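This report refers to the structure that appears directly beneath it.
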Amino acid sequence: MFETQSFDHGVTRLLETDISADWRCNIWHVRGRDRDLIIDTGFGLRSLSDAVARLTEVPVLAVCTHSHHDHAGGLCQFDQRLGHGLEADIFANPTRQNTVCDLLDTSVIRAGPSDDFDIDTWCYQPAPLTGMVDDGDVIDLGDRHFEVLHLPGHSPGSVALWEAETGTVFTGDALYDGVLYDHLYHSVPEQMIESLNRLCDLPLSVMHAGHFGSFGRDRARQITAEYLSGQRSMLCP
Ligand SMILES: [Zn+2]
């Protein structure tokens, strides 16, 4: 179902145990006084909303960093659904093509939710946004605040959430410690470079990325340098 791991500042990572470790996204739960955040929602093959309800008693805002199948599959399970307007149509009308399900194969799924589950035809349920976020917007949890950073490149509406007080940023797929996907149908590598540089300029303590482990500013800069040199690029294998 879900593995959980706790981090500083009321942050918990949930991982879908049904999805292979190299494909599943990091699902982040952030505690606030008046409301909590869920940042990204995984494939949504199981009930993420039930798992989150066991972690909190306050209302939950779900924010998707972007609309790809590994991040937005569980978004429909939440009443309050935020994302960038440039991908609003994908969240509302997901297809295998526009959510890049065509990258999937059977090795990604460790266990399906039912005997007739078929990853070759699966797509996530529509999850129309209930609110749009854009660069500079602030998400207020009552006692803590997250600024929205619009970081296009991997996808046109990719966003990160930045908490200046703790130096924490949640990056989605704009920057993670792996090969960066710059080759998708709506990827723009030139924008991706701008977004990577913007993230590296933050006075950050910790980067909680969309996949794999968390790290600090030095590692973020190293990953960016390696991307710029052609390593870590799907376009420059
Ligand atoms: Zn993605």
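Each ligand, and each atom within it, is numbered from 1 in the order the structure gives. Keep in mind the model is a prediction, meaning the values are calculated, not measured.
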Output the distance between atom CD1 (Ile27) and atom CZ (Phe2), rounded to the nearest 0.5 Å.
5.5 Å

If you look only at distance, which donor and acceptor atoms sit under 3.5 Å apart when one is on a side chain in residues 74-83 and the other is two or more places apart or in another chain?
residue	atom	partner	partner atom	Å
Gln77	OE1	Leu48	N	2.8
Gln77	OE1	Ser49	N	3.0
Gln77	NE2	Gly44	O	3.4
Gln77	NE2	Arg46	O	3.1
Arg81	NE	Pro128	O	2.7
Arg81	NH1	Phe78	O	2.9
Arg81	NH2	Pro128	O	2.8

Is any side-chain heavy atom of Phe146 closer than 4.5 Å to one of Leu141?
yes

Pairing residues for Arg96 by the salt bridge (charged side-chain N to carboxylate O under 4.0 Å, His left out) criterion, not counting sequence neighbours
none

Salt bridge (charged side-chain N to carboxylate O under 4.0 Å, His left out) partners for Glu147, two or more places apart
none

Less than 2.8 Å from the Zn ion (ligand 1) is the window; count the protein N, O or S atoms in it.
4

Between the CG atom in Asn26 and the CD1 atom in Ile39, the distance rounded to the nearest 0.5 Å is 11.0 Å

